[in-house]
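Worksheet for the structure shown next.
Note on naming: letters A, B, ... go to the chains in the order of the sequence lines (proteins, then strands), and numbering restarts at 1 for each one. Here the structure is a predicted model, which is why all the values come from computation and not from measurement.
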Amino acid sequence: MTNEELQSYLTERFTEAEIKLGTQYVEMTVTAAALHETALQLKKLDKLSFDYLFCLTGVDYAENMGIVYHLESVEHRHVMVLKAKTADRVSPALDTVSDVWITAKYHEREAYDLLGIHFNNHTDLRRMFLDDSWGHPLRKDYVDEVRIVER
Amino acid sequence: MAFNIYDFTTLTHSIHVGLAESFSPVVATTIEWVIVGVSYLLFVALFGLFLVYAERKVCAAFQQRLGPMRVGPWGLLQTIADFIKLLMKELIMPRKADWFLYNLAPFIVIIASFMAIAILPFAPGLQSFDFDIGIFYLTAVSSVGVIGILIAGWSSNNKYSLIGAMRSGAQILSYELSVSLSLLTMVIFAGSMQFSTIVEGQRDAWFIFSGHIPAMIAFIIFLIAGTAETNRGPFDLAEAESELVAGFHTEYSGVKFAMFFLAEYINLFIISAVAATVFLGGWMPLHFGNLESFNHVMDFIPPVVWFFGKVLFVIFVIMWFKWTFPRLRVDQILTLEWKYLLPINLVNILLMALVVLTKFHF
Amino acid sequence: MSEIREVIINNDRLATDEYLVNMGPQHPSTHGVLRLLVRLEGEKVLNVQPHTGYIHSGIEKMCEAITYPQIIHLTDRMDYLSAHMNNEAVALCVEKALQVEVPDRVKYIRTIMDELSRLASHQLWWCVFGMDMGALTTFFYGLRDREKILDIFEETCGARMTVSYNTPGGLMFDIHPNFQKRVKEFITYFRTKLPEYDKLLSGNVILRERAEGIGHLSLKDAIDFGVTGPSGRASGFSCDMRKHQPYSAYPLVKFKEILDDRCDTLARYEVRILEMYESLSIIEQLIDNIPEGDYAVKMKGVLKLPEGEFYQRVESARGEFGVYIVSDGKKNPYRVKFRSPGFSNMFALNKMAKGHKIADLVAIMSTLDLIIPDIDR
Amino acid sequence: MKSFIEYIASILKGLWTLLVGMKVTAKYFFTPWNHVTQQYPENRDSLVMFERFRGEVIMPHTENNEHLCTGCGICEINCPNGSIEIISKSILTPEGKKKRIIDQHIYHLGMCTLCNLCVKACPTGAIVMGQKFEHAVWDRALLTKVLNQPGSKIAEGVKE
């Protein structure tokens, strides 16, 4: 499907979500509550069949924390972006999608490590790179006076 | 006979007579023991150093490199420098290692190698003892070394060492069979287990030529199984560095490591020397049936040179294996032994027996 | 220790004949500082748990503080064996955001450089694979041939590995006058050496016995785990970004996407060997036709990307490499994410190695071609 | 019987592949003069790096001890690692005007990743990449260098 077809299909299928055409891909933003169900649908629906999660990024949007999922369908070769945000900055939590795409399990661990986003129902949520004593360095409010030299 | 000039019997005999005349029999025998022991020690140490150097140069040539070049001309003193380094290194022992066994293991390994080397005939008269079950003794003694390896792996309190030792145990036990059976093939052909008789039997033609097809098959099997028994690549599972770091000697350092290292090279020498003796005529020069003048020229080359030439050739072939092939997996090693080498070997013994019975040989 | 305790708790205690072995972070076959917690039963691997972070350098954090042209030199240091592709991904992403069209000459040179990097990377992989299998001689043959490519890089780019040759808008320098001659010499040379690789290792009965049927990764698993690159293609996963999202001069050249459906170590091995032939043919198609023109577009002194999100996917030597830039209109990116192929590939290891021997674990890890700085970033 | 033939064939085929591999290594063994080893410290005199090779940042000076650096600080801005520090000073020109010129161009080789951005950005071409690659020193402080030589001044006619 082209981006436009994809956009119209998604709009009619997911009425709750906020769908727009980004710079390259169709972007769909869902609420934290609808995330897991949407992810399942995106993978299961024959016309979509987004079975390949190629990138999972945690982003600190200052006022809220978000996860960006880049999805591709191996069969149809179309790409879309799924976003989920949570306004809770103190203990942000989203549902895991690692049961939908296995690779998300590890990317979520990375996001948890670097941004401190907790994933509900994740089977093995440990820090990926850093020691437990570290903060979450990719958060915008992260300060480290010793190791970061501002210029 | 021309090669009598090179016979050591007169020399050793005169030493013996001289000693017996000047001392009481007990003292004379003791002195003889000491002389023999020291000369073997010296030989092993020097030849071991040379083999390490040769291995490094040979592997460098296979890999389009130069190898050691810094210490001495063409790096000739490199192994001596390495040895001094190993002597000076701190001996580290893991905290929970079994003190007694940990320290015992290198000695077992190296003593087993020394025992095996005693039986080898280097030249006429240059053999420390020559008894009628020589080959039997050799196969028995050469498998003692594995006990040392097992002890080393067990006592190091290291999982890698243990895996390496267990692999080594399984491997050597299996391949001992092939080594013995391929030697047995040749024993049938030679009609003797005594090394001197075997060498004498190859005066006219080396066994690998006179025994033709079965001898060649036995030779190939012996090379493969011998390589496996010395734990060398492609059968170096016991110390597979990409899997087990250094296998059974992971926790050994300094002199104790040097002993394992030396033992490995002595074992390489023993296997090659046995191959040279049993299949390639030992110190016998190359003779062709009725080419009198050719045979005569060959006789002028001393037997020691013949022996070491053959040994070095076999060592080169084994090194060639090591620097060409990938390592086998542990189950493949056993498959190779039990599904390929053993049946072929058994059939080969039958074939050899037929050849001997029908006198279908040269 | 804590992990060991954890495993004991998580796995209803270890059975008496099982034990845990730490492979790495200092282990000859983990190629750097990867640590694998392996649960063994004798020689059999029951479970592999990779632990990362030993060489985490915070590149994504650093990127937030520097400008777009400066990001490029950091990407060199992630997957240092496919530095060109990483550089190119950032350069393409910035160009896409700024809507800059680079001259054809740049596209051609970038593609040639990509393929040379791929060759160099696969050569290194081949020799290291041989070494992991215990054939040490391959290591020197592979490096000997790779040296020639690195010389080409050094002459044109000024560095051998951390090349930093791409910049947003073009290239750092024009190609060196000797470049074409040297590349052609290399191709003729390497076409004589590649069959030797086959003779020495590919055909070898020991290798084939060791690799066949080992480390099975089905197509579904490959997609699920996001295993891309040669490792994914050996499972039949058509994931070549050069075909699916062509960039630079890839739309102009003819090449095959090497796919294999045997899914095992041998397939991964052969896919890489065949890819080397493909890379040679791509370079041959381009090297004589490099168009004249500028080697870079004149860019502004300070690059500011428009507000928005930009994603660029390229095919690096070990899989799909992605750059995701979130820009808020300033000269520094708001968030940069590198989708590194090794990260996704590595976690399929447990799936593949379960039930095989230790030696197979090493071989499987080797065919995944892991570069640890690429995983840790 | 068929399986027996296959068994024998597999042995022979396996042996053959091994021999093919041994032939490759033997070829190199018996042509040792084709070795690829470079004996580094010995070949130092004949070792020439490529002209684009990036070994370090240097500031070429003429024989009159003049360089091209105006002290504008663009290299400092472009450096991703902070390995360049420009210390400038004010002087009075003969015309009586105040002018800022370079005092010290400090270069931390230990922090430099040799990315070439400073050289590319330099408007006057005052700094270039040098070919020296033997940078090992006993003291880390020695890796901090002042690129403009003492007493040097900016060459005539450099556009500011």
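- Taking A:D51, A:I102, A:V100 one by one and counting their heavy-atom pairs under 4.5 Å with chain C, the maximum is reached by A:I102.
- Of the atoms belonging to C:K96, it is side-chain heavy atoms, and not backbone ones, that fall under 4.5 Å from chain A.
- For the pair C:D224 and A:K43, the salt-bridge criterion is met [side-chain N within less than 4.0 Å of a carboxylate O].
- For C:K61 (side chain) and A:P137 (main-chain N/O), a donor-acceptor pair under 3.5 Å exists by modelled atom type.
- At most 12 heavy atoms of other shown residues, nucleotides or ligands fall within 6.0 angstrom of atom CG in A:D46.
- Within a 6.0 Å sphere centred on CD of A:E5, heavy atoms belonging to other residues, nucleotides or ligands number more than 12.
- Of the possible polar contacts, one joining the C:R339 side chain to the A:F54 backbone as a donor-acceptor pair under 3.5 Å is found.
- Within 6.0 Å of atom CD in C:Q99, 12 or fewer heavy atoms from other residues, nucleotides or ligands are found, so the atom counts as exposed in its surroundings.
- Rounded to the nearest 0.5 angstrom, C:Y311 OH and A:C55 SG are separated by 3.5 Å.
- Taking a 6.0 Å sphere around NZ of C:K331, one finds it holds 12 or fewer heavy atoms contributed by other residues, nucleotides or ligands.
- Looking at A:V74, the atoms closer than 4.5 Å to chain C (heavy atoms on both sides) all sit in the side chain, from C-beta outward.
- Interface remark: C:F347 contributes backbone and side-chain atoms alike to the contact with chain A (heavy atom separation under 4.5 Å).
- When atom types are taken as modelled, the side chain of C:E309 and the backbone of A:T23 share no donor-acceptor pair closer than 3.5 angstrom.
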May I have the step-by-step check of side-chain contact (heavy atoms from CB on, under 4.5 Å) for C:F225 and A:Y106, ending in yes or no? CA-CA 9 Å; C:F225 278 99; A:Y106 309 103; 4.0 Å; yes
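- Of the atoms belonging to A:Y25, it is side-chain heavy atoms, and not backbone ones, that fall under 4.5 Å from chain C.
- C:R335 places a side-chain N or O within donor-acceptor distance of the main-chain N or O of A:G58, the cut-off being under 3.5 Å.
- Residue C:K351 qualifies as open at atom NZ: its count of foreign heavy atoms under 6.0 Å is 12 or below.
- Of the atoms belonging to A:L114, it is side-chain heavy atoms, and not backbone ones, that fall under 4.5 Å from chain C.
- For a residue to count as touching a neighbouring chain, one of its non-hydrogen atoms must lie under 4.5 Å from one of that chain's; by this rule A:A62 touches chain C with backbone and side chain alike.
- Between A:F129 and C:H56, the ring planes lie parallel to each other; the angle is under 30°, not in the 30° to 60° tilted range.
- Counting only heavy atoms from C-beta outward, the side chains of C:K337 and A:H70 never approach each other to under 4.5 Å.
- At a 4.5 Å heavy-atom cutoff, the contact between C:F343 and chain A is made by side-chain atoms alone.
- Heavy atoms closer than 4.5 Å to chain A are found in the side chain of C:E320, but not in its backbone.
- Per-residue counts of heavy-atom pairs under 4.5 Å with chain C were compared for A:L53, A:D131, A:D60; the largest is that of A:D60.
- Of the listed residues C:G58, C:A348, C:S344, the one with more heavy-atom pairs under 4.5 angstrom with chain A than any other is C:S344.
- Using a 4.5 Å cut-off between heavy atoms, C:S238 touches chain A through backbone and side chain atoms alike.
- Annotation: cation-pi geometry satisfied between A:K140 and C:Y334 (NZ/CZ under 6.0 angstrom from ring centroid, within 45° of ring axis).
- The CG atom of C:D376 lies 9.5 Å from the CD atom of A:E110; values are rounded to the nearest 0.5 Å.
- In this pair, C:F237 and A:Y52 present their aromatic rings perpendicular. The plane angle is above 60°, beyond the 30 to 60° band.
- Atom-to-atom distance recorded for A:T57:OG1 and C:I325:CD1 is 11.5 Å, nearest 0.5 angstrom.
- C:H51 places a side-chain heavy atom less than 4.5 Å from the side chain of A:R126.
- Within a 6.0 Å sphere centred on CZ of A:R13, other residues, nucleotides and ligands contribute 12 heavy atoms or fewer.
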